[in-house]
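All ligand and atom numbering here is 1-based and tracks the order in the structure. Throughout, numbering of the chain's residues begins at 1 and tracks the sequence.
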Amino acid sequence: HSLRNIDELCASIVRSHRETSQYRVEELQALRWKLFSREEIQAYQSKSVDEMWQHCAIRLTDAVQFVVEFAKHIPGFRMLSQNDQIALLKTGSMEVVLVRMSRFFNTENNTVFFDGKFAGTEVFKSLACGDLIAAVFDFAHGMCALKLTEQQIALFSALVLINADRPCLEDRSKVQRVQRSVESGLTHILHRDNQESLIHKLYQKMGVLRSLCSLHMEKLHWFSQRYPLTAHSLFPPLYKELFA
Ligand SMILES: CCS(=O)(=O)c1ccc(CC(=O)Nc2nc(-c3ccccc3)c(C(=O)c3ccccc3CC(C)C)s2)cc1
């Protein structure tokens, strides 16, 4: 790649990240100390397991929708076959949602943005998947510690999505070509920011994301066994399509 089109590649991925972010960082910084009251926390904790799962699945699906839009504007993604685009989104969209969510994690009071305010782990008690929630909070903490810029998050998110090692790809070498161009974009901006040391930390985070998402799938499988009606008829179709 000549430098020019690496700059163009980075610019289009950063633009797409910004345009599909749902919330801007400064917007949510202002809300950082808006916490749920005791009564609101009680209300979440008195929801049944299937009610709370459905509540979360709807919000998660909203967030995933924006990641699908983000993916479509990654140079080269639309050149891939429909099946390969779906395969990459099936395994990568939740990972990108987790990367995005960790931008709004408040490490001072261990809260995550949820339903318009900042929620601690106790809000998610009725999900009955404390290990998944704890793992998500730990991941968010770890990501905040890296203090990534929005541009670095944009390129990292694109790399999380365009991963030629994903299962059931039809044209792996084509995905590899797109992955390599995104990799050159990420290393280019980390070099420009004089932060090459982040590269191996980001590859480590990709490993954590993979285990987080398999834990999510495990919990979803457990949930749909116990609450088949909710999982099959009350979850958003996109959630079922991508995760079930
Ligand atoms: C992602 C784009 S964004 O603009 O950053 C954004 C956009 C919108 C929001 C608001 C929002 O939907 N927050 C949610 N928080 C959590 C959550 C929940 C437990 C711990 C940590 C965060 C949601 C989940 O449903 C979730 C997420 C990860 C793993 C597990 C679950 C529970 C499910 C699978 C039962 S939805 C936040 C951030």
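Inspection of the S16 and E19 side chains reveals no N or O donor paired with an N or O acceptor under 3.5 Å. Remark: the E170 side chain and the S81 side chain contain an N/O donor-acceptor pair separated by less than 3.5 Å. Side-chain polar atoms of E69 and Q65 form no donor-acceptor pair below 3.5 angstrom. Q151 and T149 share no donor-acceptor pair across their side chains, judged by distance under 3.5 Å alone. Judged purely by distance below 3.5 Å, without hydrogens or angles, the side chains of S173 and Q176 never pair a donor atom with an acceptor atom.
A salt bridge is defined here as a Lys NZ or Arg NE, NH1 or NH2 lying under 4.0 Å from an Asp or Glu carboxylate O, and E150 with R24 fails to meet this definition.
Close approach to F137 involves these atoms of ligand 1, each under 4.0 Å from a residue heavy atom: 20 (C), 21 (C). Against a heavy-atom cut-off of under 4.0 Å, L98 is close to the following atoms of ligand 1: 28 (C). The L60 neighbourhood of ligand 1 comprises atoms 24 (C), 25 (O), 26 (C), 27 (C), 34 (C), with distances under 4.0 Å to a heavy atom of that residue. Here is the list of ligand 1 atoms found below 4.0 Å of a heavy atom in H216: 34 (C). Listed by atom number, the atoms of ligand 1 under 4.0 Å from F104 heavy atoms are 3 (S), 4 (O), 5 (O). Here is the list of ligand 1 atoms found below 4.0 Å of a heavy atom in M94: 28 (C), 29 (C). Every atom of ligand 1 with a heavy atom of R103 under 4.0 Å away is listed here by number and element: 5 (O). Residue contact check: A63 has heavy atoms under 4.0 Å from atoms 1 (C) of ligand 1.
Residue I133 holds the heavy atom nearest to atom 19 (C) of ligand 1 of all those in V123, L28, I58, I133. Comparing M101, R59, Q65, M52 against atom 14 (C) of ligand 1, the shortest heavy-atom distance belongs to M101. Among F113, F139, F124, F114, the residue whose heavy atom lies nearest to atom 9 (C) of ligand 1 is F113. The residue among L127, V96, V136 with a heavy atom at the shortest distance from atom 29 (C) of ligand 1 is V136.
Side-chain atoms of Y44 and H55, non-hydrogen and from C-beta on, do get closer than 4.5 Å to each other. For the pair F105 and M143, the minimum side-chain heavy-atom distance is 4.5 Å or more.
The backbone N or O of L88 lies less than 3.5 Å from no partner atom in the side chain of R166, so there is not a single donor-acceptor pair. At distances below 3.5 Å, not a single donor-acceptor pair connects side-chain atoms of D193 with backbone N or O atoms of Q195. Not a single donor-acceptor pair under 3.5 Å links the side chain of N5 to the backbone N or O of E8.
The nearest protein atom to atom 8 (C) of ligand 1, hydrogens excluded, is given as Y23 CE1, 3.7 Å; this is a heavy-atom distance. Nearest to atom 2 (C) of ligand 1 among the protein's heavy atoms is Q22 OE1, 3.1 Å. Ranking protein heavy atoms by distance to atom 4 (O) of ligand 1, first place goes to S21 O, 2.9 Å. Nearest protein heavy-atom neighbour of atom 25 (O) of ligand 1: C56 CB, 3.1 Å.
Using 4.0 Å as the threshold, A57 has no heavy atom nearer than that to any atom of ligand 1. Within the structure, ligand 1 lacks D62 among the residues with a heavy atom less than 4.0 angstrom away. Contact analysis leaves K219 out of contact with ligand 1, as no non-hydrogen atom separation drops below 4.0 angstrom.
Figure legend: R100 and F70 shown as a cation-pi pair, the cationic atom lying under 6.0 angstrom from the six-membered ring centre and within 45 degrees of its axis.
Of the protein's heavy atoms, none falls inside 4.0 Å of atom 31 (C) of ligand 1.
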